[in-house]
2 protein chains.
Amino acid sequence: MEAVLTAAVGLLDEAGESALTFRALAARLGTGVGSIYWYVASKDELYDRATDHVLGAVLATVEGLPDSDDPIDDLRGMAVTLFDAIVDRPWLATYFMRNTDVQENSLRLYEKLGQQTLRLDLTPRQRFHAVSAIVGVVVGTAADLGQEPPEEVLDGTVGRDEFLGRYARAWRALDPEEFPFVHEIVDEFDGHEDKDQFLAGLELTLAGLRLQAGVPPAL
Amino acid sequence: MEAVLTAAVGLLDEAGESALTFRALAARLGTGVGSIYWYVASKDELYDRATDHVLGAVLATVEGLPDSDDPIDDLRGMAVTLFDAIVDRPWLATYFMRNTDVQENSLRLYEKLGQQTLRLDLTPRQRFHAVSAIVGVVVGTAADLGQEPPEEVLDGTVGRDEFLGRYARAWRALDPEEFPFVHEIVDEFDGHEDKDQFLAGLELTLAGLRLQAGVPPAL
DNA sequence: ACCTGAACACCGTTCAAGT
DNA sequence: ACCTGAACACCGTTCAAGT
């Protein structure tokens, strides 16, 4: 079982999501296709378990993070840790927290995030929503960024900057009367860092949460 | 082309994502598989165009929304409209704003959202991040909720409530010392409405944005 | 209890050939 | 300019048969 998951993650890391097939996995393990089905009932379950397998390290990192005075700061730190893990392995986004029966580490990560909200003056309902919102921002943004860009970008023929630049050029050519917002932000879009975008979005959620909990902004 | 997209959306609506195959689409159109490739270079492009096709109606709805005094309220209204559309057709989440060359309606929707931020006292960078964050919350949450639940739920054998209830039961059985947060929120989780979860998360982002723009909370 | 691998029922995509 | 459909190169999953 361990070996199956390690091999699956290996394939994913080395050659991306399209490389994980039962045939390739069997070949890597030196067995037949059918034998994998003894450990796992479907590809979905394989992904569920592979996700939890990988999340073990993320959980360990999060558990190693020291509690500060400010639970909101600690939530930010955990969210960033999770975000980085998903950027590295975009397939995590789809499977994180999908089946907590099988995903003990996912559940523990959820618990860890939630424990910070216990330090805030909130109702149970607000806590539930707060953690859902944070997980949503992390997973949603990371998944969006992890979308395979058009094959030219992966080819290395075209770098990410040039890829953004092309869109920026097309956007600048739009009618400014009709697209005032696109013109307003096109310079920001051009060459932007995905991580900054994520951090800014996370900050809005955290600011809202801080307000809700009646914590004065720590400037 | 129009006919191809209408047929594709029809298949998606009637029988879900797995029903959209080139063979089924060709059969519905009364032609051969190959002919679809004259209109569309790949399945990805088919999805890109189908998404934009459907977003036409969403854009029309959003354009019909009257501007209120409060741009934040208007942002909420637009976000909810988009959210509802994605809940109805979860595949939109993956393709929205993925290729604005082909997706004019996606771009116009993005513009419409952005125009509300022009009414707020923000920098271009803050506006860019604000719209990204809102789109992230909408798409991220809707995508998460739109994930096909285990087949038993679709069977109708087990309703959504019982599905949540099963998890709730498992969670209540966890050690309260080790999982204080899970215990804190399990009653909220049990039988919760997805839409409330979305609205609460959106509210946190909007509250953060309101704070950033220096708008006093309109109570 | 665990493995094997041929076989089944599909896919997206291509392409020589047609009108 | 647009359509055809057989063929190619794959998939996930099943299952009778083995150890």
Side-chain angles (χ1 to χ4, degrees), chain A residues 1-53 90-92 94-95 98-99 102 147-155, chain B residues 1-53 90-92 94-95 98-99 102 147-155:
Chain A
M1 180 74 252
E2 270 285 313
V4 172
L5 298 183
T6 306
V9 173
L11 281 170
L12 256 4
D13 284 349
E14 287 161 28
E17 208 154 345
S18 67
L20 180 60
T21 67
F22 278 84
R23 281 164 182 84
L25 188 53
R28 197 186 178 106
L29 291 163
T31 59
V33 236
S35 75
I36 298 165
Y37 281 90
W38 194 88
Y39 297 96
V40 128
S42 68
K43 200 172 183 183
D44 248 35
E45 195 190 319
L46 177 63
Y47 267 113
D48 276 338
R49 302 198 114 101
T51 297
D52 209 54
H53 187 69
W91 46 275
L92 292 175
T94 314
Y95 293 92
R98 229 171 73 117
N99 184 350
V102 157
Q147 268 178 24
E148 310 275 288
E151 82 290 356
E152 337 146 17
V153 182
L154 291 175
D155 283 0
Chain B
M1 178 78 252
E2 271 286 313
V4 172
L5 298 182
T6 306
V9 173
L11 282 170
L12 257 4
D13 285 349
E14 286 159 29
E17 209 154 346
S18 66
L20 180 58
T21 67
F22 278 83
R23 280 165 183 83
L25 187 54
R28 197 186 178 104
L29 290 163
T31 58
V33 236
S35 74
I36 297 164
Y37 281 91
W38 194 88
Y39 296 96
V40 128
S42 68
K43 201 174 183 182
D44 248 35
E45 195 190 318
L46 177 63
Y47 268 114
D48 276 339
R49 302 199 113 103
T51 298
D52 209 54
H53 187 70
W91 46 276
L92 292 175
T94 316
Y95 292 92
R98 227 172 74 117
N99 184 349
V102 157
Q147 268 178 26
E148 310 275 289
E151 81 291 354
E152 336 147 15
V153 183
L154 292 174
D155 282 1

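A quick note: this is a predicted structure, and the numbers were derived from the prediction, not measured. Note on naming: letters A, B, ... go to the chains in the order of the sequence lines (proteins, then strands), and numbering restarts at 1 for each one.
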Result of checking B:T31, B:V40, B:L11 against B:L25 for side chain to side chain contact (heavy atoms under 4.5 Å, CB included): B:L11
Residue pair A:A15 / A:S18: nearest heavy atoms and the distance that separates them: O-OG, 4.3 Å
Euclidean distance for P, C:dA17 against D:dC2 (whole angstrom): 22 Å
DNA chain D: 5'-proximal contact among A:S35 and A:T21 (nearest heavy atom): A:T21
Options C:dT13, C:dC2, D:dT4, nucleotide nearest the side-chain atoms of A:Y39: C:dC2
Length of the line joining B:R23:CZ and D:dG5:C1', which is rounded to integer Å: 10 Å
Sugar-phosphate only, base, or nothing, as touched by B:L20 at under 4.0 Å among non-hydrogen atoms: sugar-phosphate
Rounded distance in Å - CG (B:L11) to P (C:dC11): 11 Å
For atom NZ of B:K43 and atom P of C:dC11, their distance in whole Å: 8 Å
Worked verdict on B:T94 versus B:Y47 for side-chain contact (heavy atoms from CB on, under 4.5 Å): CA-CA 9 Å; B:T94 316; B:Y47 268 114; over 6 Å; no
C:dT4 phosphate, OP1 or OP2, under 4.0 Å from A:T31 side-chain N/O: yes
Residue met sooner reading DNA chain C from 5', once B:F22 and A:G32 are mapped to nucleotides: A:G32
Side chain of B:W38 - closest among D:dG12, D:dA1, C:dA1: D:dA1
Gap between atoms CD1 and C1', on A:I36 and C:dG5 respectively (whole Å): 12 Å
Length of the OH-P vector between B:Y37 and C:dC11, whole Å: 12 Å
Value in whole Å for how far the C1' atom of D:dT4 lies from CG of B:L29: 14 Å
Base-pairing assignment for D:dA7 (Watson-Crick or G-U wobble, both under 3.5 Å): C:dT13
Spacing of A:L25 atom CG relative to D:dC10 atom P, expressed in whole Å: 18 Å
Matching residue for A:Y95 among A:D44, A:L46, A:D52 - test: side chain to side chain contact (heavy atoms under 4.5 Å, CB included): A:D44
Nearest-angstrom distance from the residue atom CG of B:D44 to C1' of C:dT13: 13 Å
Over all atoms of both residues, closest heavy-atom pair of A:R98 and A:D48: NE-OD1, 3.8 Å
